[in-house]
Every structure is written in structure tokens, then in C-alpha cells.
Number of protein chains: 2
Amino acid sequence: MKKVRWEEIMTVAARLFCEKGYMATTMDDIAAELYITKPALYYYIRTKHDLLYEICEVAIKRLMEGVESIEASGGPPEERFRELVRWQINMFSEHGDIINVYLADESELPTEKREYIRGLSREYESIYRELLRELIDEGTFREMNIPMAVRAISGMCNWLSNWYRPEGKMTADAIAGIFLDLIFNGFRSDAAMPGVGTRVKSGRVAKTTSRPEAVTAQAADRKH
Amino acid sequence: MKKVRWEEIMTVAARLFCEKGYMATTMDDIAAELYITKPALYYYIRTKHDLLYEICEVAIKRLMEGVESIEASGGPPEERFRELVRWQINMFSEHGDIINVYLADESELPTEKREYIRGLSREYESIYRELLRELIDEGTFREMNIPMAVRAISGMCNWLSNWYRPEGKMTADAIAGIFLDLIFNGFRSDAAMPGVGTRVKSGRVAKTTSRPEAVTAQAADRKH
DNA sequence: TTCAGTTTACTGAACGGTAAGTAGAATTAT
DNA sequence: ATAATTCTACTTACCGTTCAGTAAACTGAA
């Protein structure tokens, strides 16, 4: 079955692009990993760029799928927001190769395909902005510069590509939990509120805290 | 003067690596930009990797310089933390090319040099962790998973490499102001606090808020 | 016999890097 | 002061290698 083989090729290509980078991976590398020759590889694909394009498309579409099903769930904004962050961070453990390739090498795509992918990614961002708007309107979040807040949150999440290891101590869910705790409960201590002195070790507000989670997690870079 | 020419070469190389990526930039590209031939370029440098290495080293060292002078200033932890975030974000406007190359292509360095650079970057991170520790100990911040909080903050800041344009509407200072506001004052609305309604809008501590800043800022990617 | 899937053998272009040579300015010797 | 020498800053021409991609022949199963 051709489809099966094609998916194997995509998986291997994504892994190698992720490990070494798109430009540094040769078609011979990919072929060798599949125990075939380079021309055999070209029997299934047209160009190297196509490979990258398919990977990026799968990545952004998988991101969108999650977003759409969360939006369709009709839950309260806060829960939808939490689900969204969890989904995005989960991508790094469930589909690490493709999301890392997408984040690192999307810029290597030929202009037209790159613009198409970026269009999808703008759609994705706009959902984040709308959700933040809802959260502000319902009074959960305060007024803020929405595009900048989205960039801050995206940055926290997407930066996982620079340190997260699936085999590490921190699970994606644990990371999402900590990040959401920081977003919803802030960094500041209750005791730091002007006025009273002693710290109340987050009385009730922050009971979704992260404390029990491992306090360390090793880092090491992805590209060898 | 040879030093002068060498600095020109570094500047041009950083710009091209930033625009097209290290791997996609050829030595002829760099030479052409300097109106000389490739061998003339090799009169000044040893290898292509050296070029990348020097750029990364300048980037991380400039980051460290700032950190050290801030630490030496002996100000209160909160002010040092704010200065640190401002310094880091300012790197993107003052030395955008080198920091972007450092963040994007450091992984292309040959093993030994890469490890040296990563050692420096670990030192840099540990300063962040220590500062967070101080902030917690003095009661400004609550107990938290420090390494994860550092990653969240680094992510917010370093993600600038994916959307910040120096010629855009948002200045580095404005961005730092917004991010610091989010970190110190959180996302959550005062009204959303359970129990009692109004919270003191952090009397003095947080009057550096971002609200008046532009609510939008265009994004577009760096690599052509 | 057919044909999907594969191989061997190759092309053309581009790459990082080098060898060898040189114009002209700077330095030294006479 | 001038002639001889050395040095800086390059150039032309090229090497060895690697790359994406292809033509055409082969193989084994239905």
C-alpha cells in the first residue's frame, strides 16, 4: 500500500529534519534511514521542499483541529483557554518532530507554500486573540494589550521546542499545569500586596499551584 | 586597519545569516555583499563555522555583560529583574542580527564550540534562577517551580525572534513594559478574585503598566 | 505479461576551501 | 633621495566534494 509507505517517509523525514535541521538533512540520509536508495525515495515524493511542506501542513492542521474541537465544545472561556494551552503543549510530546520542524524550518519553504502555511497560522493566532477577548469581557482577565499577551503566551509555549524532551522528567501535562498556574494566578505573592506584611502562602486563590511538580527538568538541545 | 575590516565582515555575516539562515548563506553571498571575492574573505577568517562562532559568542557575551552590570548595581531584586528583562528584550532592537543568529543557528556549531557557548548560556540562566529565588525569599513572588518559571519568561522574551521587527510600531521598551506588567500584575482581573471584590491596584509597585501602549503591532517573519 | 517498486549509474550545479600570483602601499637599506 | 624589499589586501582559477534530481534498466509478484 502506497499510502502506508508515504507515511513512513513523512515520519522519517520529520525525525531527521528535527534532529539535524531541514537544510542539513540530505535526501540520501532519508533514503538510508528507510533502507532504500534515493531514487526509490523519489518514486514517492516530488521534491525535498514538498516533504517539508507536508510536514508543516500536518503540524498546523493538527493544531487547528484541536482548536476547532475545543471551540466547538462550547465550554466556558477559561476552560477553553486552558484546553488550548494544554493542547498546544501536548503537541510537543505527541507530535514533537513535526511541530519542531514546523517551528524551526517553516521559513525555508518556497514563497507560495510558506505564505499558505502562514495564513493558517494567522487563523490560529486569531482564535487565541478572540478567546482572550472573551476572557476579558467576562471579567476573568483584566484589560490588556491582546496581541502582545498572545505573543507572550505563544512564546512560553513554543519555546518548548528549545528545551522540552519527551523522555525528560516533566510531562507535557505537568508543564501546561505550571504555565496555566502562572498565567491564571500570577507570579506575585499575596503577601506582596501593599499593606499587610506576612506572606499567606497563597491562601485559596492559587490552589491550582504547581508545587508538587518536579522542581527540575533537564534540558539539552534537540539538534545534535 | 584589519580589525575594522573584520568587524565589517562580522556585521555583514550576521545580517545575512539572520536573513537567510546560516546554512542557506554561502561564503560567496557574504563576499559579494562586501564587494570582494571569496578568497579575499578567507584572508580574514578561517572557516565558515568560525564566523558563526564569533557571532554567537558576541551575542551571549553581550547578554552576560548586561547581566553582570545589573547584578553589580546592587539594586533591589525586583528592579534588577526588571532591568534584566528590559536588557534582554533590548538586545533584539540594539543587536537584532546577532541575537537572532545565536538563537536560531547556535545548534549548527561544531560540538566543542557549541558546548562552550552553551556553558555560557547556562550561566546566564542560572542568574535568572537566583534572581527568582531572591524575589521569592523576600516575599515579592510566591513559591513556584523556578526552572519552569525561568523557561516561561525566557520563552516570552526569546520568542521575539519570531515576530519582533525593529521598524515596527512596538519599541523594545514598550514590549518589555507590557511583559513585565503581565509578570508582576498577572492576567487576572481584580474583580475575578474569589471572595472580596476589589484589590488594591498595587499601590506603587506596579505603576509601570502597559495599557497606553499600542494595542497592535504587525508581525511578519524575519527570514525572507 | 505486466507493472509497482526498486536499483545502478549518472548529470549539472553549487558548495567550502585553497594555491598561486600580484598591484600598490609601506618599510628599510644605501 | 632613491632603490630594493617586504607586506597588505586582494584576484583568478581551480580542486574535491556534495547535493538534488533523473534515465533507464532490473526484479519479483500477481
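Convention: sequence-line order gives letters A, B, ...; per-chain numbering from 1.
- For the pair I45(B) CD1 and dT18(C) C1', the interatomic distance rounds to 13 Å; values are reported in whole Å.
- Looking at R5(A) and E8(A), a side-chain N of the basic residue comes within less than 4.0 Å of a carboxylate O on the acidic one, giving a salt bridge.
- Rounded to whole Å, the distance from CG on L41(B) to P on dC15(C) is 14 Å.
- Cation-pi check for R82(B) over F184(B) is met; the charged atom lies under 6.0 angstrom from the ring centroid and within 45 degrees of its normal.
- Put simply, CE on M23(B) is 11 Å from C1' on dC19(D), counting in whole angstrom units.
- Here dT11(D) is the nucleotide among dA20(D), dA23(D), dT11(D) with the atom lying nearest to any side-chain atom of P39(B).
- Atom CG of D28(A) and atom P of dT18(D) are 11 Å apart (whole Å).
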Per-nucleotide protein contact string for nucleotides 25-30 of chain D, where B marks a base within reach and S marks sugar-phosphate only (heavy atoms under 4.0 Å, - for neither)
------
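- Using a 30° and 60° split on the angle between ring planes, Y53(B) and Y116(B) fall in the tilted class, from 30° to 60°.
- Between W6(A) atom CH2 and dG5(C) atom P the separation is 15 Å, expressed in whole Å.
- Salt bridge absent: R62(A) and E65(A) never bring a charged side-chain N and a carboxylate O closer than 4.0 Å.
- Look at Y43(A) and you won't find any side-chain N or O under 4.0 angstrom from OP1 or OP2 of dT6(C).
- Which of dC10(D), dG21(D), dT12(D) sits closest to the side chain of T47(A) comes down to dG21(D).
- In summary, the side chains of Q88(A) and Y128(A) do present a donor paired with an acceptor at a separation below 3.5 Å, with no hydrogens or angles considered.
- In this model, the phosphate group of dA23(D) is not approached by any side-chain N or O of Y42(A) to a distance below 4.0 Å at OP1 or OP2.
- As a whole-Å value, the separation of M27(B) CE from dC15(C) C1' is 11 Å.
- In this entry the distance linking OH of Y44(B) with P of dC7(D) reads 17 Å, nearest Å.
- Heavy-atom neighbours of E115(A) CD from other residues, nucleotides or ligands within 6.0 Å: above the threshold of 12.
- Between R5(B) and dC10(D) there is a side-chain polar atom (N or O) within less than 4.0 angstrom of OP1 or OP2.
- Scored by the salt bridge (charged side-chain N to carboxylate O under 4.0 Å, His left out) test, E68(A) finds no partners at all (sequence neighbours excluded).
- Using a 4.0 Å cut-off between a side-chain N of Lys or Arg and a carboxylate O of Asp or Glu, E83(B) and R86(B) qualify as a salt bridge.
- In terms of the side-chain contact (heavy atoms from CB on, under 4.5 Å) criterion, residue partners of D29(B) (sequence neighbours excluded) are, by chain and number, L16(B), K20(B), T25(B), T26(B).
- Under the rule for a salt bridge (charged side-chain N to carboxylate O under 4.0 Å, His left out), the partners of K113(B) that lie at least two apart in sequence or sit in another chain are D50(B).
- Of all heavy-atom pairs between Y102(B) and S121(B), the closest is OH-CB, 3.2 Å.
- In terms of position on DNA chain D, the residue among A40(B) and T26(A) whose nearest nucleotide sits closer to the 5' end is A40(B).
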Taking only Watson-Crick and G-U wobble pairs with both distances under 3.5 Å, what dot-bracket line describes DNA chain D, where [ ] shows pairs that cross earlier ones and | shows pairs with another strand?
||||||||||||||||||||||||||||||
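- A heavy atom lying under 4.0 Å from DNA chain D marks the following residues of residues 30-38 of chain A, by number: K38(A).
- Under a 4.0 Å N-O distance rule, the pair R15(A)/D97(A) does not qualify as a salt bridge.
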